[in-house]
Number of protein chains: 2
Amino acid sequence: MVSAAPLNRKDKQIAHHVFFWLKNADSVEDRDKLVAGVKTLSKIPQIKEIHVGIVAGTEKRDVVEASWAVSELMFFNSLEDQAAYQNHPIHLEFIKNHSMLWSKVVVYDIQEV
Amino acid sequence: MVSAAPLNRKDKQIAHHVFFWLKNADSVEDRDKLVAGVKTLSKIPQIKEIHVGIVAGTEKRDVVEASWAVSELMFFNSLEDQAAYQNHPIHLEFIKNHSMLWSKVVVYDIQEV
C-alpha cells in the first residue's frame, strides 16, 4: 500500500506564474486595480502561497522581459489543486471583473524538482 | 533616523524568475544537467529561497507557455542582493559550465507589492 502524499511537501509542488500586460500600459490606476484583484485570489483554499508583484528596478538587460505590468505567482500542492483553482468561483469572479484591464496574459506552470 | 529595513520581509522582496530553453529541446539528459546546475546556485548567500522546476502537466491552454525546459525562481531581500548574486563566483561558474546547454533565456524580475 502506497501512502498518500504528505501535504505541504515542496519538492513536487506546482508553481503557477501569470504575467499580465495592460490595455492601458502606462496606467498606474489600472495596474493597481489589477493588483488588488489578484490579491482577492488569496482566499481560494487550494492556494498555499501567493505573491503579487510589479516590474522590479533591476538592471535592463536583453534577456529581461519587462514589458508586462502585474505578476501573480502561486504555489499548489498538486495538479488537482491547480485545476480546482481554475474553476473556483472567486477566480471566475476575478476574471469577470478584471479581464477588461488586460491585453495579454502569459502563464507558466512549473513542477518543482 | 530611519531604521534599516528588516531582513526577511516579504512585502518588498524581489523575485527573479528565469526560464531556459534547451539547444537539444527533447534531451532529458541536458535538462537534468541544467537542473543540477541551477541547484548549485542555492549556496549563494544572497538567495533567500530557490525553486527549480520543469514544465508541469497542467491543461494545455493558449495562454500557457510550455516550450521552455527549466525554471529557476529565486527570492531576494533587495535589488542590491539580486545585483550581488549576478556577479557571485558560483553564478559565474554556473554560466560558464552550463550556457552551452541553452538556446534562449527569458528573465522576469518582480518587485512584490
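Within residues 53-64 of chain A, the residues having any heavy atom closer than 4.5 Å to a heavy atom of chain B are Gly53(A), Ile54(A), Val55(A), Ala56(A), Gly57(A), Thr58(A), Arg61(A), Val63(A), Val64(A), listed by residue number.
Using cut-offs of 30° and 60° on the angle between ring planes, the pair Tyr108(B) and His17(A) is tilted.
In this structure, the portion of Lys39(A) lying under 4.5 Å from any heavy atom of chain B is its side chain and not its backbone. Looking at Ile110(B), the atoms closer than 4.5 Å to chain A (heavy atoms on both sides) sit in the backbone and in the side chain alike. Contacts between Gln82(A) and chain B at a heavy-atom distance below 4.5 Å involve the side chain alone, from C-beta outward.
Both Val113(B) and Val38(A) belong to a single network of hydrophobic side chains, linked directly or stepwise wherever heavy atoms of I, L, V, M, F, W or Y lie under 4.5 Å apart. Hydrophobic clustering, with ILVMFWY side chains joined whenever heavy atoms are under 4.5 angstrom apart, keeps Val105(B) apart from Phe19(A). Follow the hydrophobic side-chain contacts under 4.5 Å out from Val35(B) and you never reach Val28(B); the two are in separate clusters. Put simply, Leu34(B) and Val107(B) are part of the same group of oily side chains (I, L, V, M, F, W, Y) that touch within less than 4.5 Å, one to the next. Leu41(B) and Trp68(B) are assigned to two separate hydrophobic clusters, defined by single-linkage of ILVMFWY side chains at heavy-atom distances under 4.5 Å.
Annotation: side chain of Leu73(A) is in contact with side chain of Leu73(B) (closest heavy-atom distance under 4.5 Å).
Between chain B and the options Ala83(A), Ser71(A), Ala66(A), heavy-atom pairs under 4.5 Å are most frequent for Ser71(A).
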